[in-house]
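The structure displayed is predicted, hence computed values, not measured ones. Residue numbers start from 1 in every chain, and the chains themselves are labelled A, B, ... in the order their sequence lines are given, proteins ahead of strands.
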Amino acid sequence: METQTHRIEGPVRVRFAPSPTGFLHIGGLRTALYNFLFARKHDGQFILRIEDTDQERYVPGAEEDIIESLRWAGLTYDEGPDVGGPCGPYRQSERKELYQQYAKQLVEAGYAYYAFDTPEELEEMRRRLQQSGNPSPKYDAITRMSMRNSLTLPAKEVERLLAEGVPYVIRLKVPRRETIRFYDLIRGWVSFESSEIDDQVLIKSDGMPTYHMANVVDDHLMGITHVIRGEEWLSSTPKHVLLYRYLGWEIPQMAHLPLILSPKGGKLSKRNADELGIPVLVHQYRELGYEPEALVNYLAFLGWNPGTEQEVFTLEELIEAFSLDRVRPAAVQFSLDKLKWYNQQFIRRMSVEELARKAMPYLKKHGIEVDEAYVQKVAALMQERITFVEELATFCRFFYEDPTTYEEKGVRKRWKENSAELVRAYADRLEQLEEFTAETAERVLRELAEERGVKAAEIIHPTRLAISGLSFGPSLFEMMEVIGKEACVRRLRRAAEVLG
RNA sequence: GCCGCGUUCGUCUAGGGGUCUAGGACGCCGGUCUUUCAAGCCGGUAACACGGGUUCAAAUCCCGUACGCGGCACCA
């Protein structure tokens, strides 16, 4: 049978449905982002739903992390556990009865059944089948007839077991031979043989639904029109198709996003990413000082592109440009280099006021106490030279305090025999200046060079070392103006003394 | 192993039968500018996985192979 998903009338409703079994992963953020962009693009609603049906893997704090991370990234949702909405509750653990009700409906209609097999019995069945040459044993149309379930047990026995409270699960009765086809917005028609699918558990023995059951029920009840999720769900989609059909519901449009791979090509798991030094959790990026706009922009381009040459987009621009049919089906490799480039791009697009404001917490963190007006001057000189806002503190200490060391390589290359004397002479002249600016500092230096018959560079380079302790950095004279006459003179004299 | 999905420069990608001697971006390399370092500008490096078809013509369509990834739980 062919199952066409068709366009549902009315506004677009999409959801991001993470499970609080861990902190938000960048792959999760990308999925959330595409859902968000799609919803905003079509003036629809974006919903956050927490899929916490696995009580064993529940990680405390995960839900908070997901919510905080989405907020940080600017992906606001219209309905969710913390903001409410007309289709709540938005936490699956709070909707338990709902799933049971629909599961019972499926049982009554003959599309699902009770199964009383213990884990040991299931294990035994798999072992038996494997021994008889079946490489992938399944609880399916054939094996279910030799198991303990409401299809094989007498009705009275089933009633008795249920009444006695014997643990049971509810399984989907997957048809024996049928081709299940569905249309994926990103991949086109995809088909699976029902014989490859096992009788999926819908309700676990603890009464909680499995993902498959909860997902289908909630997507329907919440009016989800487009299911946009990771490719790892593609092969369980036929089960969902069956569920929609048996429940008599319309199937939302499906779109399975390409997976994000590690830069080496494998799965971007926490473990192998840690080995490569790649953060995978959204909060790590926040802590490392990445701009949320940069991460979002980069993630948007992982699997999608606007078809134009524009690469830097604000969230608003992404919304405008986004479309699912420009999402590619192939898995993509994550690259920190490109992300850093985006970060640099966003820093350069900030005003110096904004940049300085963002730098303040970092300065505090590094024990530097200066006022924001001063930081703005630093920001103006450094904006084009930094990749992270934090570098306004770490890379720029010389703007805030005298250097205590001098870069060895720079000294070797730039500090000559006559440097100490020239630098002292320069300091003396600067001290006399009434108006200390980049222009006057430069003029005085060039005059001195001319008088001494040396190239300006012979004073410039040692001066840079004396002022900043480094052989590279922003425009020397502008830097000196920011640092001020008194400090410059002091630093020049000190360097002459220390470096000889 | 079985099933599914995928495959254009190292990476992200454009392209969807002729306009492709395959374009852009990141990275890398060189040049230029400059007091240095960045940035900018200019230039370079580098790809249609392979094999068969179809066609006057294929990166583009079809089939196969290889490789990669995903799934095969009372996890999501």
Side-chain angles (χ1 to χ4, degrees), chain A residues 17-22 51-54 56-57 92 115 117-119 122 126 134-139 167-171 184 186-188 190-193 195-198 200-212 214-215 229-238 256 258-259 261 263 265-267 298 301-312 326 328-342 344 348 382-387 395 410 413-414 442 445-446 455-465 468 470-477 479:
Chain A
S19 152
T21 51
E51 308 227 335
D52 57 347
T53 55
D54 185 349
E56 281 178 23
R57 293 204 308 155
Q92 289 184 331
D117 316 278
T118 63
L122 289 174
R126 292 196 182 102
N134 185 336
S136 47
K138 282 186 294 290
Y139 201 121
Y168 68 90
V169 299
I170 295 179
R171 284 183 183 269
D184 184 275
I186 293 166
R187 281 145 226 281
V190 178
S191 61
F192 290 84
E193 292 304 319
S195 57
E196 300 293 335
I197 302 165
D198 66 356
Q200 182 63 51
V201 169
L202 301 176
I203 301 291
K204 299 184 263 188
S205 56
D206 65 1
M208 279 290 193
T210 56
Y211 168 85
H212 309 283
N215 188 259
R229 81 236 289 194
E231 192 188 345
E232 70 268 27
W233 296 111
L234 190 64
S235 50
S236 41
T237 305
H256 288 90
L259 260 20
L261 270 28
K267 193 180 171 185
Y298 174 65
F301 271 69
L302 235 38
W304 170 87
N305 75 84
T308 66
E309 304 260 282
Q310 186 181 351
E311 301 231 51
V312 180
R326 291 203 64 90
R328 286 167 41 90
V332 290
Q333 287 183 207
F334 189 83
S335 154
L336 222 41
D337 278 337
K338 193 79 176 255
L339 173 57
K340 283 179 183 163
W341 178 78
Y342 272 112
Q344 199 179 30
R348 298 179 58 171
M382 297 304 296
Q383 186 162 27
E384 302 233 312
R385 285 160 228 272
I386 57 174
T387 304
F395 178 64
K413 191 175 173 193
R414 305 291 196 188
E442 178 166 8
L445 185 142
R446 292 193 187 279
K455 281 190 282 186
E458 287 181 65
I459 310 176
I460 287 172
H461 294 300
T463 297
R464 174 182 294 286
L465 271 169
S468 69
L470 299 171
S471 64
F472 55 91
S475 167
L476 175 64
F477 302 110
M479 177 169 92

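Comparing the P positions of B:rG10 and B:rA22 gives an interatomic distance of 15 Å, to the nearest angstrom. Taking atom P on both nucleotides, B:rG31 is separated from B:rU36 by 14 Å, rounded to a whole Å. For the P atom pair drawn from B:rG51 and B:rC56, the interatomic distance equals 23 Å after rounding to whole Å. Comparing B:rA59 with B:rG27, their C1' atoms are spaced 24 Å from each other, to the whole Å. Remark: the separation of the C1' atoms in B:rU55 and B:rA66 is 26 Å, to the nearest Å. Comparing B:rU8 with B:rA58, their C1' atoms sit 14 Å apart, to the nearest whole Å. A gap of 12 Å separates the C1' atoms of B:rC26 and B:rC9, to the nearest Å. If you take atom C1' in B:rU7 and the same atom in B:rA47, they sit 12 Å apart, rounded to whole Å.
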Could you walk me through whether A:Arg328 and A:Leu302 pass the side-chain contact (heavy atoms from CB on, under 4.5 Å) test, one step at a time? CA-CA 9 Å; A:Arg328 286 167 41 90; A:Leu302 235 38; over 6 Å; no
Between A:Phe334 and A:Leu339, is the side-chain contact (heavy atoms from CB on, under 4.5 Å) condition met? List the steps. CA-CA 9 Å; A:Phe334 189 83; A:Leu339 173 57; 4.1 Å; yes
Apply side-chain contact (heavy atoms from CB on, under 4.5 Å) to A:Leu336 and A:Tyr298, showing your working. CA-CA 10 Å; A:Leu336 222 41; A:Tyr298 174 65; over 6 Å; no
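Looking only at atom types and distance, the side chain of A:Tyr211 has no donor-acceptor partner in the side chain of A:Asp54 under 3.5 Å away. Residues A:Arg187 and A:His256 have side chains that never bring a donor and an acceptor to within less than 3.5 angstrom of each other.
No contact: A:Leu339 has no heavy atom under 4.0 Å from any strand. Looking at heavy-atom distances under 4.0 Å, A:Ala330 makes contact with sugar-phosphate atoms alone, never a base. Within 4.0 Å of A:Val169, counting heavy atoms only, lies at least one base atom of the nucleic acid. In this structure, A:Arg464 reaches the bases: a heavy-atom distance under 4.0 Å links it to at least one base atom across the strands shown. Among the heavy atoms of the strands lying under 4.0 Å from A:Ser191 are primed sugar atoms or P, OP1, OP2 only; no base atom is included. Among the atoms of the strands shown, none is found under 4.0 Å from any heavy atom of A:Gly230. Residue contacts for A:Asp52: at a heavy-atom cut-off of 4.0 Å it reaches no nucleic acid atom on any strand shown. Using a 4.0 Å heavy-atom distance criterion, A:Ser205 is classed as a base contact.
Between the NE2 atom of A:His461 and the P atom of B:rU34 there is a distance of 13 Å, rounded to whole Å. Rounded to whole angstrom, the span from the CD atom of A:Glu56 across to the C1' atom of B:rC74 amounts to 9 Å. Rounded to whole Å, the distance from CD on A:Glu311 to P on B:rU11 is 17 Å. Regarding A:His256, its NE2 atom lies at a distance of 13 Å from the C1' atom of B:rA76, rounded to whole Å. Distance CD1 (A:Ile186) to P (B:rU7): 13 Å, rounded to an integer number of Å. Whole-Å rounding puts the A:Lys455 NZ to B:rU34 P distance at 14 Å. The nearest whole Å value for the distance from the CZ atom in A:Arg328 to the P atom in B:rU8 is 6 Å. Following rounding to the nearest Å, A:Gln333 (CD) and B:rG6 (P) show an atom-to-atom distance of 18 Å.
Within the 4.5 Å cutoff, side-chain heavy atoms of A:Arg385 are placed close to those of A:Pro474.
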Got a list of protein N/O to nucleotides 65-73 of chain B N/O distances below 3.5 Å?
residue, atom, partner, partner atom, Å
B:rG71, O4', A:Ser235, OG, 3.2
B:rG71, O2', A:Ser235, OG, 3.0

Close N or O pairs between protein and nucleotides 58-62 of chain B (under 3.5 Å):
none

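Pairing for B:rG51 is with B:rC63, a Watson-Crick or G-U wobble pair whose two hydrogen-bonding atom distances lie under 3.5 Å. The pairing partner recorded for B:rU21 is none, the criterion being a Watson-Crick or G-U wobble arrangement whose two distances lie under 3.5 angstrom. Across all strands shown, the partner of B:rC26 is B:rG10, judged by Watson-Crick or G-U wobble contacts whose two distances both fall under 3.5 Å. Base-pair partner of B:rG68: B:rC5 (Watson-Crick or G-U wobble, both distances under 3.5 Å). Under the Watson-Crick or G-U wobble criterion, with both distances below 3.5 Å, B:rG40 is paired with B:rU32.
Between A:Ser335 and B:rG27 there is no side-chain polar atom (N or O) within less than 4.0 angstrom of OP1 or OP2. In terms of phosphate contacts, A:Asn305 brings a side-chain nitrogen or oxygen within less than 4.0 Å of OP1 or OP2 of B:rA14.
With sequence neighbours excluded, the residues that form a salt bridge (Lys or Arg N to Asp or Glu O under 4.0 Å) with A:Glu51 are A:Arg49. In this structure A:Arg126 satisfies the salt bridge (Lys or Arg N to Asp or Glu O under 4.0 Å) test with no other residue, sequence neighbours excluded. Listed by chain and number, the residues in a salt bridge (Lys or Arg N to Asp or Glu O under 4.0 Å) with A:Glu196 amount to none (sequence neighbours excluded).
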For a quick check, with a 4.0 angstrom heavy-atom cut-off, what is the B/S/- contact string for nucleotides 37-51 of chain B, read 5' to 3'? BBSS-----------
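Expressed to the nearest 0.5 Å, how far CG of A:Leu476 lies from CG of A:Leu445 amounts to 7.5 Å. Here the straight-line distance linking atom CZ of A:Arg464 with atom OG of A:Ser475 works out to 7.5 Å at 0.5 Å rounding. A:Glu458 contributes atom CD, which lies 11.5 Å from atom OG1 of A:Thr463 (distance to the nearest 0.5 angstrom). Interatomic distance, A:Ile203 CD1 to A:Tyr168 OH, rounded to the nearest 0.5 Å: 8.0 Å.
Residue-to-nucleotide contacts include no donor-acceptor pair under 3.5 Å from the side chain of A:Arg187 to the base of B:rC5.
Here the side chain of A:Tyr342 pairs no donor or acceptor atom with the backbone of A:Asp337 at under 3.5 angstrom.
Of the two residues contacting RNA chain B, namely A:Glu442 and A:Val190, the nearest-nucleotide position lying further toward the 5' end is that of A:Val190. Residue A:Val332 is the one, among A:Val332 and A:Lys204, whose nearest nucleotide of RNA chain B lies closer to the 5' end (criterion: closest heavy atom).
In this pair, A:Phe472 and A:Phe395 present their aromatic rings parallel. The plane angle is below 30°, not in the 30 to 60° band.
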